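Working notes, beginning with the structure itself.
Order of appearance sets the numbers: ligands from 1, and atoms from 1 within every ligand. Below, each value reflects all heavy atoms present in this structure, side chains not excepted, and no hydrogens, waters or symmetry copies. Here, residue 1 is the first one in the sequence, and each next residue gets the next number. Here the structure is a predicted model, which is why all the values come from computation and not from measurement.
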Amino acid sequence: MSDKTRAGHRTYPAVPPGSAAAADEAEAGEFLDLLYAELPGQPHTLMERLRQVRAEIRDTGTYTHTADELTFGARVAWRNSSRCIGRLYWNSLRVLDRRDATTPQAVHAHLCEHLRQATNTGRIRPTISVFAPDTPRRAGPRMWNDQLIRYAGYPREDGRVTGDPGYAGFTDVVRRLGWQAPGGPFDVLPLVIDTPDDKPQLFDVPRELVLEVELTHPEHSWFADLGLRWYAVPAITNMRLRIGGIDYPLAPFNGWYMGTEIGARNLVDTERYNLLPVIAERLGLDTRSESTLWRDRALVEINVAVLHSFTVAGVRISDHHTESRRFLTHIAKEERQGRTVPADWSWIVPPVSGGITPVFHRYYDQADLRPNFYLDEDARARGRGKCPYPH
Ligand code: ARG
């Protein structure tokens with residue numbers, strides 16, 4: 001491979017040029033205030049820890065979170081994620097401290113272990129792996145993927161796409177990096193791991209670590225013949241975790257799926273698998289007029305199939321009615337602790353049957369509280385195959 005990796009018509013530098021800014025001392029202070037207020041029994045007093053952290057930032061431009069700080073910080077980042085409906089269990093997030101991994105091989109091994117522990121043969125466990133932070137001396141590792149598991153998309157001669165059209169751009173990027181594409185409708189994409197000392201490197205996700213569910217319908221036997229499937233663990237890899245003024249650019253995290261993410265978006269969006277016309281035809285619906293509500297009827301049946309298939313396969317998933325109720329329980333619980341729950345209505349309300357879930361009928365606080373997860377434009381651009389750095 002040449003020293004510059006070709007992707008599209010541009011070249012990728014490895015991690016961002018230059019160095020990260022020093023850790024934000026004020027934000028470190030706010031974070032420690034929060035931790036000492038919520039977690040009793042720390043080995044130091046707040047004053048002692050603040051003094052240590054300030055001295056460390058002045059000497060080195062950064063500071064090192066203790067294991068407790070990392071765990072609490074990651075959990076609160078989830079608690080503050082305003083787009084997530086599934087936050088009731090924020091305090092039981094499993095936090096894997098992977099800050100010592102430096103090589104792409106070591107990162108890959110930890111990502112595989114993440115998948116193994118998170119999948120837990122179907123009893124999905126919300127898990128995060130936290131890799132090294134950006135510091136003034138050294139950038140942390142990054143990934144170009146947006147999730148650990150995604151399906152490739154291949155444009156065809158007829159202008160349509162085999163696989164997931166939402167990933168055709170990323171598929172092109174990994175092919176240019178040397179990936180041998182099988183060309184099927186559900187090919188798991190390889191991982192691209194980018195560390196400061198190495199060129200971006202490709203790794204396959206070992207087959208045995210990818211739990212998938214074949215989709216069937218409880219009443220329509222033809223549904224199985226469509227050959228549809230989805231993977232069990234949604235694990236986001238392109239969001240930066242910010243805790244106490246420190247940025248962790250690689251901190252992949254997962255929960256379990258809510259059925260509508262698959263049955264109303266991934267398989268249904270016109271820019272994704274776009275399956276409503278296919279399902280409607282099999283259902284024998286009249287698609288000549290919108291007012292027959294053929295789209296809505298097909299949509300419900302896909303969602304029935306997703307929930308049914310995961311459940312019979314023993315893979316944890318939840319429906320949007322249950323998850324909506326849990327979210328209101330979460331808000332009530334947080335409010336009893338004197339905390340507000342920042343939430344984004346347009347993300348919280350499910351994409352089907354919004355008005356018959358209780359989360360529809362109210363407004364939410366919109367604060368940007370830290371710790372939190374952030375989706376940076378450069379991370380987004382890497383996934384689209386665009387060069388994020390002008391040069
Ligand atoms: N909506 C994304 C997908 O369909 C996953 C986002 C995270 N979802 C979750 N249940 N934790 O792949």
(request) Please confirm whether Tyr273 and Phe186 have ring centers closer than 6.0 angstrom. (result) yes
(request) May I ask you to check whether Ser129 and His114 show a side-chain donor-acceptor distance below 3.5 Å? (result) yes
(request) Mark yes or no: Arg75 above the aromatic ring of Trp90, with NZ or CZ under 6.0 Å from the six-membered ring centre and no more than 45 degrees from the axis. (result) no
(request) Determine, using ring centers only, whether Phe253 and Phe373 are less than 6.0 Å apart. (result) yes
(message) What does the 4.0 Å heavy-atom contact list look like for ligand 1?
(response) Gln147, Arg150, Tyr231, Pro234, Ile236, Gly255, Trp256, Tyr257, Glu261, Asn266
(message) I want to know whether Tyr36 and His44 have ring centres closer than 6.0 Å.
(response) no
(request) State yes or no: are the ring centers of Tyr89 and Trp78 separated by less than 6.0 Å? (result) no
